[in-house]
Participant: 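My questions all concern the structure below.
All values reported here derive from a predicted model rather than from experimental measurement. Counting starts at 1 for both ligands and their atoms, following the listed order.
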Amino acid sequence: MRPALVLLQSHCLLCVFTGVCVPIVVGSLPPALPWHVSCPIRCVCQIKPWFSPDSVYHEAPTVDCNNLLLTKLPLPIPLNTHTLRLQSNLLSVMDAAVLHGLPNLTDLDLSQNRFSRVRMITQSMPLPALLSLHLEENHLSHLPEASFSSLPALQELFLSHNNLHSIAPGAFSGLDSLLRLHINNNRLTTVDPVWFRALPCLEVLMLGGNPVEALPERGFASLKSLRSLVLGSMGLKGLAEEALKGLDSLESLSFYDNLLTKVPRQALKSVPGLKFLDLNKNRIKLIETGDFKDMLHLKELGLNNMEELVSIEKAALENLPELTKLEITNNPRLSYIHPQAFAKLSRLESLMLSSNSLSALHQHVILSLPSLQEVSLHSNPLRCDCLFHWASRDTSHFHLRKNTQTHTPAARVVRFIQPQATLCSEPPELRGRRVRDVSSGEMSASCLPTIPASSLPSYVGVQEGGKLVLHCRALAEPQPQLYWVTPAGLRLGPSPSQESKRLSYSVLCKNTTSDGFNHLSASSVQAQDETPCQLFKHYQLLPEGTLEIRKITPREAGLYTCVAENALGADTRSVTVGVHNRGKNRKRGMAIRLKKFQAIRADVRLELREVGEHYAIMSWQSLQNLPSTRLSWQAIYSNANTPTYTTRVLAGTQSFNLTHLQAETFYRVCLHSGISESSKHSGQRSRESKKPQCVSFRTKDVPQPQPRLQLNPQLTSTAVTLLLLALILLLAGQVWDTEPGQEAGKTHSTLCVDIKVPKTVIITEKDKEPNQSEMLLKVC
Ligand SMILES: *[C@@H]1O[C@H](CO)[C@@H](O)[C@H](O)[C@H]1NC(C)=O
Ligand SMILES: *[C@@H]1O[C@H](CO)[C@@H](O)[C@H](O)[C@H]1NC(C)=O
Ligand SMILES: *[C@@H]1O[C@H](CO)[C@@H](O)[C@H](O)[C@H]1NC(C)=O
Ligand SMILES: *[C@@H]1O[C@H](CO)[C@@H](O)[C@H](O)[C@H]1NC(C)=O
């Protein structure tokens with residue numbers, strides 16, 4: 001057998017692209033019949049079934065001399081030989097006269113021999129009946145002008161797996177009837193549009209496996225009859241807008257195994273008749289809005305085996321009325337399919353999503369596909385909580401209705417492919433259960449966001465001046481909001497509307513870029529010499545949570561944290577960004593970055609913004625992204641050890657409302673800036689990062705019926721004593737909270753309670769408290 005030229009997943013695509021549909025039905029063919037002729041020694045002569053390139057069946061007198069180590073043609077070859085097989089021999093020259101005497105020779109297989117010059121075969125040897133010539137796996141390196149002019153009837157020419165590095169412009173002239181040309185897996189570095197002018201009838205062209213990095217504009221413009229084009233494994237990084245222009249009949253197109261980083265959207269507009277499209281194994285990161293739109297004849301689409309694919313965005317596939325099968329499998333980083341990724345796919349029946357990193361498939365996706373019959377989701381880290389109600393068997397009320405009004409609403413349940421292997425990974429209590437067996441009652445109505453680990457690596461390196469792109473996605477119910485925190489502690493993302501008003505330096509930078517900024521806001525600004533908007537000029541936050549920074553500078557290296565938050569809570573994930581100096585060595589760049597990183601570390605200052613009887617609002621300004629920051633607080637009495645409470649603080653949060661405090665009580669509050677993940681990576685543990693920032697204060701008095709003395713600068717002697725006592729206690733207390741790396745359980749004599757972080761605190765500056773500042777006792 002000749003090696004398979006392109007590995008494709010689906011049988012149908014295989015058949016379309018390689019044209020080997022016919023052999024697939026070989027089992028039902030009549031067997032070979034005896035052919036009584038004088039056969040060349042060691043060869044086998046039989047009447048065998050044979051299909052012409054246009055699929056007409058023949059009973060073909062066949063001489064089979066494969067695998068015989070022949071160096072010369074075997075003799076005698078019967079006169080009426082139709083098919084002559086000489087595969088896997090050692091032929092390098094050919095006695096042309098022998099073949100010349102075979103008027104009915106239709107199929108000649110010379111593959112896996114040692115021919116180095118094509119003229120050896122075709123010279124002075126008119127073979128008027130030859131339809132099919134196999135020359136794969138020889139040593140051909142060049143095709144001169146009119147190489148095949150002696151084969152006027154030729155319909156199939158197989159030249160794959162040779163060493164072809166040059167083809168004369170008129171090499172194929174005279175092949176007016178050629179339907180199929182395989183020149184894949186050679187050494188061609190360019191594609192000459194002139195080659196194809198001689199091939200007006202060509203229907204199938206295999207060009208893959210040649211190191212052609214860029215296809216010319218209109219390179220295939222003369223191939224008006226071409227139905228199938230295979231451009232696999234060529235190292236294509238992109239496609240010129242007009243690369244596919246003129247391919248008016250094209251139905252199937254494969255870009256399997258190239259280096260495309262985006263869907264070649266513009267080029268695909270030239271081939272509106274496309275039915276099968278294979279983009280498997282490329283470097284596409286996102287399937288973006290409008291990537292596949294209005295392709296009215298597309299039936300099957302393959303987006304498999306993409307190492308870098310992370311997300312299918314909103315309306316990525318839209319108005320594909322003929323699409324019946326969609327395969328998006330084996331993409332190890334694909335963790336997100338937007339609930340509205342698919343629109344107007346009225347015929348989609350089969351949705352293949354196995355072996356990705358999907359935690360769930362939003363029910364909106366299912367609802368948007370009125371013809372969906374089967375879905376494959378196995379080998380994904382599925383979270384069988386709130387997002388999977390549509391999948392559970394008992395959800396009989398979850399009906400899918402036909403979109404068209406003409407049909408009566410049809411209640412259907414989507415079939416799972418391999419339901420036994422479609423298992424829950426989360427939550428822990430459902431781990432290992434089949435998704436189909438989990439009842440709707442076991443799932444919650446809403447759930448916490450999770451940012452899948454696969455979508456964000458822990459380290460990303462960029463060249464100085466390059467573009468940094470970080471994708472963060474999270475699915476949850478209700479749909480979470482995403483924002484980013486930069487190494488400088490800036491929060492980038494949709495601003496909680498009230499919060500943006502509060503701090504004097506809070507800014508909103510709308511449309512600072514030509515392509516329209518999406519709600520970029522910062523809750524604090526570090527550099528005095530730059531206005532925030534200038535600072536963000538090259539930042540862009542895309543709607544689904546992608547942060548893009550153009551022309552990145554070494555100053556922007558450091559820890560970036562993505563936060564996904566909904567009403568139930570939040571999830572965060574951090575990525576360390578290294579900016580490599582051009583020309584300089586990489587290590588030094590890293591070292592500078594880390595040094596700088598640690599130098600600004602001590603800059604967090606904790607302040608009391610507002611205090612009430614039972615609450616206190618703390619705020620701090622951090623010049624740095626501290627994703628594992630904690631806040632701890634403890635009531636201070638003169639004579640008792642009281643519990644310490646701890647809460648994690650979301651990255652990018654700069655204020656916090658401590659609630660449930662006791663009135664008329666001294667409190668000590670400490671901010672423990674987290675150990676930055678980057679210093680963890682580099683193995684350095686900076687001591688200074690461990691020193692908490694602390695503030696002490698006293699909560700307000702409960703209003704008394706009779707006007708009690710207000711605390712004023714002349715503190716009563718008891719109050720002074722209390723304060724001093726508190727101070728002593730606090731200094732002693734330093735011991736217990738200098739180790740933020742240590743978890744709560746390890747601290748003795750204190751009780752640490754993790755409390756779910758409430759919504760971001762809003763501080764209003766308008767009405768200043770009656771002066772409380774004299775009550776503050778700053779310790780740190
Ligand atoms: C070639 O094929 C034709 C038609 O099938 C047949 O009539 C003719 O005898 C064959 N020629 C030889 C030399 O066998
Ligand atoms: C934002 O852009 C619009 C048009 O693109 C422009 O009219 C408007 O003035 C811009 N706003 C700011 C604050 O620059
Ligand atoms: C802080 O929490 C207290 C108690 O829940 C509440 O009364 C107060 O309004 C909160 N302050 C702000 C600014 O949210
Ligand atoms: C509060 O105290 C500060 C200094 O302690 C002072 O500058 C400010 O004017 C006072 N504000 C009011 C409202 O008393």
Side-chain angles (χ1 to χ4, degrees), residues 33-40 43 45-52 54 56-63 73 75-84 97-108 125-132 151-153 155 495-504 506 523 565 567 570 606-620 631 633 635 645 647 649-650 653-665 667 669 671 695 697-703 753 755-770 772:
L33 304 169
W35 178 27
H36 304 288
V37 283
S38 65
C39 201
C43 299
C45 296
Q46 288 177 314
I47 310 285
K48 285 188 147 179
W50 189 85
F51 284 91
S52 69
D54 48 4
V56 178
Y57 174 71
H58 293 260
E59 289 185 347
T62 301
V63 178
L73 281 185
L75 291 172
I77 298 174
L79 260 189
N80 59 341
T81 297
H82 173 285
T83 300
L84 176 55
V98 175
L99 296 184
H100 190 39
L102 304 174
N104 283 359
L105 186 64
T106 306
D107 186 344
L108 175 59
M125 188 187 74
L127 291 171
L130 197 69
L131 298 183
S132 189
L151 312 172
Q155 294 187 341
S495 55
S497 47
Q498 314 93 314
E499 194 190 21
S500 64
K501 296 188 200 110
R502 86 184 138 98
L503 297 159
S504 52
S506 171
S523 46
E565 196 180 13
L606 181 65
E607 284 175 7
L608 178 71
R609 298 295 294 244
E610 190 183 321
V611 69
E613 292 150 30
H614 300 289
Y615 73 94
I617 294 170
M618 311 304 300
S619 80
W620 57 93
L631 204 59
W633 65 99
Y645 298 92
T647 181
V649 174
L650 273 188
T653 304
Q654 308 212 329
S655 59
F656 197 86
N657 193 354
L658 296 174
T659 57
H660 300 96
L661 303 183
Q662 294 177 42
E664 303 171 43
T665 307
Y667 276 92
V669 181
L671 184 73
V695 163
F697 60 85
R698 184 175 182 271
T699 46
K700 276 195 188 170
D701 296 348
V702 178
V753 184
I755 295 171
K756 196 71 233 166
V757 181
K759 292 295 284 179
T760 319
V761 173
I762 291 105
I763 296 178
T764 42
E765 287 219 306
K766 49 177 176 31
D767 42 14
K768 275 237 186 292
E769 287 287 304
Q772 291 286 337

Participant: Heavy-atom distances under 4.0 Å decide this one: backbone, side chain, both or neither, for Asn80 against ligand 1?
Facilitator: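 Within the 4.0 Å criterion, Asn80 contacts ligand 1 through backbone and side-chain atoms alike.
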
Participant: Are the side chain of Thr699 and the backbone of Gln662 linked by a donor-acceptor contact shorter than 3.5 Å?
Facilitator: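 Yes; judged by distance alone, with no hydrogens or angles, the pair exists.
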
Participant: Pull out every atom of ligand 1 sitting under 4.0 Å from any heavy atom of Pro103, numbered as shown with elements.
Facilitator: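 Reading through ligand 1 atom by atom, the close ones are 13 (C).
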
Participant: Of all the non-hydrogen atoms in the protein, which one sits nearest to atom 9 (O) of ligand 1, and at what distance?
Facilitator: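 Result: Asn104 ND2, 4.8 Å.
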
Participant: Sequence neighbours left out, what passes ring-ring contact (aromatic ring centres under 6.0 Å, His included) with His58? Give chain and number order.
Facilitator: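 With neighbours one apart ignored, the set is Trp50, His82.
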
Participant: Thr83: which residues meet the side chain to side chain donor-acceptor pair (under 3.5 Å) condition with it, sequence neighbours left out?
Facilitator: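 By the side chain to side chain donor-acceptor pair (under 3.5 Å) rule, Thr83 matches no residue at all.
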
Participant: Does Thr81 use its side chain to pair, donor to acceptor, with the backbone of Leu79 at less than 3.5 Å?
Facilitator: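 Absent.
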
Participant: Specify whether the nearest protein heavy atom to atom 11 (N) of ligand 1 is under 4.0 angstrom away.
Facilitator: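 So far as the 4.0 Å threshold goes, atom 11 (N) of ligand 1 is in reach of a protein heavy atom.
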
Participant: For ligand 3, which atoms sit closer than 4.0 Å to a heavy atom of Tyr615?
Facilitator: 1 (C), 2 (O), 3 (C)

Participant: Just by distance, with hydrogens left out, do Thr659 and Asn657 show a side-chain donor and acceptor under 3.5 Å apart?
Facilitator: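 Looking only at side-chain atoms, Asn657 and Thr659 do not form any donor-acceptor pair under 3.5 Å.
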
Participant: Pull out every atom of ligand 3 sitting under 4.0 Å from any heavy atom of Thr659, numbered as shown with elements.
Facilitator: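 Within the 4.0 Å cut-off of Thr659, ligand 3 contributes 2 (O), 4 (C), 5 (O).
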
Participant: For ligand 3, find out whether one of its N or O atoms is nearer than 3.5 Å to an N or O atom of Asn657.
Facilitator: yes

Participant: Under 4.0 Å from atom 2 (O) of ligand 1, is there any protein heavy atom?
Facilitator: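 Flag for atom 2 (O) of ligand 1 set to true, protein heavy atom closer than 4.0 Å.
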
Participant: For Leu631, does its backbone N or O pair with a side-chain atom of Thr647 as donor and acceptor, under 3.5 Å?
Facilitator: no

